[in-house]
Student: 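Below is one structure. I have some questions about it.
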Amino acid sequence: MKFTRPTGTQDILPEVQPYWEHILRHTTTLARQYGFARLDTPIFEKTQLFARGVGAGTDVVEKEMYSFRDKGGHELTLRPEFTAGTVRAYIENGMRVAPQPVKLYATGPAFRYERPQAGRFRQLHQFNAEIIGSPSPLADLEIMLLAWDIYETLGIQGLSFQLNSTGCPKCRPSYIEELKAHYQAHFDVICDDCKRRLETAPLRVLDCKKDQCQPVIAAAPKITAHLCSECADHFATLRSYLDDLGRPYTLNHRLVRGLDYYTKTVFEVWAEGIGAQSAVCGGGRYDGLVQLLGGPATPAVGFAAGLERMVMVMQAQGIAVPPLPTPPVFVVHLGKAARLPAVRLLVTLRQAGVGAQIAMGGSLRSQLRQANKRGARIALLVGEDELAQGGVTLRDLARGEQRYVPLGQVVAAVRERLG
RNA sequence: GUGGCUGUGGCCUAACGGUUAAGGCACCUGUCUGUGGAACAGGAAACUGUGGGUUCGAAUCCCAUCAGCCACCCCA
């Protein structure tokens, strides 16, 4: 095979498109219902935007970016996530003068240079939602409700909502000091990865899966016990909303996320069915990002949902989606003299809004076979006999009945048959 | 970046180191010169991922490489 798709990319074949169309329609319909407006940003941005926004020390920036220099010498990067570009657009387009908060959704591909595995791709697709311009826990709630609604109404089973707060620049540093002190005391038992993490991303030690680290994690100080009063109030209020609405969630003090911009609320939606990956959606609050990227101090909250993970979970759980419509009419023509009349008929049907296709050639048998295989409900036969009478033979493929129909009545007869 | 498993027509699978790599699905054609689905018959389609090596002889054994899958790191 000379050409194969690049590692970690996929051909989304016609057979799976019903899932994609269904999910896209579902997510965008819900987002609009919640008052979100669509924003499309470029698939690539200046590299510096991500380096600054996502965080120079994160894995995403350090080793996963598809970066390149264009012919003008500009350093560009295929977006590894949506939030940085969305915030850039908010600032650049002066959205701070729009009614606040601004509620935006986006969908499309993102790119990360990683080793592929179950549920992980180098070109991935996300549905993204952001509320920019409100510090209220109500904004967090809205984001979480939308995320929850998307998965629940898709019919996915076994969902779990993981929730935590990672504090803010006021309370997090002192917590990290305490966490580091705790780990220093157990430095001899923790794994090498955690020794490294302690320097590069201390919060991530809480996420370690190695057996030897579990007792250390269990005994580690919990950040939720070290939040400043503002963060603690925010978290308590959000939880009271969720409790009042009866939305189940799991407090997970080990939930820390790999992007630098998160403050206060962080959450993930977990589902079963994709090997080692359980997170189908992740998000949280990022109150410092707008200012960090050069805008006015503006609080915000959002989430990203992985579309291929949605497809995979739905397939694993056997959730059916509606089939995509195919043309109900197939035009069959016999002999050279019938070709042009058949094409005219085809065009007439389409102009009348009836889906129709035509055989490119072959015997009557062969053309009817094609009609059957393509799932047509009606075959319209145009041959010598029909031409002589000035009409067509309308064959109902499900019933196996057929009758002659004058040309002028074909559209009406087809519509009647299709109900 | 690290580790494990796997590469045979479009898809699924068979072939003790020994002739022209076999079968099923799908595709096309015919049986039926103007009638689909079923059946039957036929056809097209693979230099066995690639490159080396061992051997009289390699799909089969060895090495390398590439790709896929899975896991780690990390994330959707």
Side-chain angles (χ1 to χ4, degrees), chain A residues 1-11 13 15 54 57-64 79-83 107-128 147 150-151 191-194 196-197 200-201 204 207-210 255-259 268-271 274-283 302-313 330 332-335 338 359 361-387 393-402:
Chain A
M1 188 120 13
K2 197 163 186 183
F3 294 111
T4 55
R5 50 184 200 271
T7 295
T9 62
Q10 280 189 300
D11 296 317
L13 300 173
E15 300 88 272
V54 177
T58 60
D59 275 11
V60 167
V61 169
E62 234 171 36
K63 51 187 197 187
E64 295 177 4
R79 65 181 174 205
E81 53 102 54
F82 282 66
T83 302
T107 187
F111 304 84
R112 292 180 195 171
Y113 188 88
E114 297 183 273
R115 291 290 294 267
Q117 71 183 77
R120 169 173 303 157
F121 306 93
R122 288 187 178 177
Q123 175 174 339
L124 56 125
H125 297 79
Q126 294 189 328
F127 175 84
N128 199 264
I150 284 172
Y151 290 95
C191 70
D192 291 342
D193 279 337
C194 281
R196 180 179 50 79
R197 288 188 186 106
T200 57
R204 299 219 61 89
D207 202 24
C208 185
K209 289 162 196 132
K210 293 254 170 42
L255 180 68
V256 291
R257 298 184 46 75
L259 310 182
E268 288 184 355
V269 180
W270 290 358
I274 328 180
Q277 321 302 329
S278 50
V280 289
C281 171
F303 74 79
L307 300 187
E308 25 289 272
R309 288 187 184 181
M310 278 191 215
V311 172
M312 293 173 84
V313 168
F330 197 93
V332 171
H333 53 98
L334 288 145
S363 65
L364 172 59
R365 164 181 302 281
S366 160
Q367 291 189 50
L368 280 170
R369 268 184 191 156
Q370 290 178 52
N372 189 52
K373 279 172 187 154
R374 288 171 192 277
R377 295 165 62 191
I378 291 171
L380 295 178
L381 280 59
V382 186
E384 282 179 27
D385 300 350
E386 288 82 1
L387 288 174
T393 295
L394 186 158
R395 182 172 178 83
D396 186 318
L397 291 167
R399 299 176 177 218
E401 308 167 346
Q402 63 186 42

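In this text, all values refer to a predicted model and were calculated from it rather than measured experimentally. Residue numbers start from 1 in every chain, and the chains themselves are labelled A, B, ... in the order their sequence lines are given, proteins ahead of strands.
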Student: Assuming nearest nucleotide by heavy-atom distance, tell me which of A398(A) and E386(A) is located more 5' along RNA chain B.
Tutor: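 Between the two, 5'-proximity favours E386(A).
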Student: I want to verify a distance call: between U31(B), G34(B), A76(B), whose nearest atom is closest to the R369(A) side chain?
Tutor: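 Minimum distance to the R369(A) side chain belongs to U31(B).
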Student: From the options C70(B), C72(B), U35(B), select the nucleotide whose nearest atom is closest to the side chain of Q402(A).
Tutor: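 That would be U35(B).
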Student: Looking at the side chain of R204(A), which of C74(B), C70(B), G34(B) is the nearest nucleotide?
Tutor: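 Of C74(B), C70(B), G34(B), C74(B) is nearest to the side chain of R204(A).
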Student: Does C28(B) have its OP1 or OP2 closer than 4.0 Å to a side-chain nitrogen or oxygen of K373(A)?
Tutor: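 Yes, such a contact exists.
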Student: With respect to the phosphate group of A67(B), does any side-chain polar atom (N or O) of T7(A) fall under 4.0 Å of OP1 or OP2?
Tutor: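 Checking A67(B) against T7(A), a side-chain N or O does come within under 4.0 Å of OP1 or OP2.
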Student: Side chain of R115(A) only, heavy atoms from C-beta on: which candidate in A71(B), G36(B), C28(B) is closest?
Tutor: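 Among the listed nucleotides, the one closest to the side chain of R115(A) is A71(B).
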Student: If a pair means Watson-Crick or G-U wobble with both distances below 3.5 Å, what does RNA chain B look like in dot-bracket form, with | marking bases paired to a different strand?
Tutor: (((((((..((((....[...)))).(((((.......))))).....(((((..]....))))))))))))....
Student: Tell me which of A376(A) and V256(A) sits closer to the 5' end of RNA chain B, going by the nucleotide each one is nearest to.
Tutor: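 Of the two residues, A376(A) wins.
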Student: Taking only side-chain nitrogens and oxygens of Q117(A), does any of them come within less than 4.0 Å of OP1 or OP2 of A71(B)?
Tutor: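 Yes, Q117(A) has a side-chain N/O under 4.0 Å of OP1/OP2 on A71(B).
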Student: Treating R79(A) as the side-chain partner and P109(A) as the backbone partner, does any N or O pair qualify as donor plus acceptor under 3.5 Å?
Tutor: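 Yes; at least one donor-acceptor contact below 3.5 Å.
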Student: Among C74(B), G34(B), G37(B), which is the nearest nucleotide to the side chain of E64(A)?
Tutor: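 Looking only at heavy atoms from C-beta outward on E64(A), the closest nucleotide is C74(B).
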Student: Check whether any side-chain N or O of R395(A) sits under 3.5 Å from a backbone N or O of I378(A) as a donor-acceptor pair, and report yes or no.
Tutor: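 Not a single qualifying donor-acceptor pair exists.
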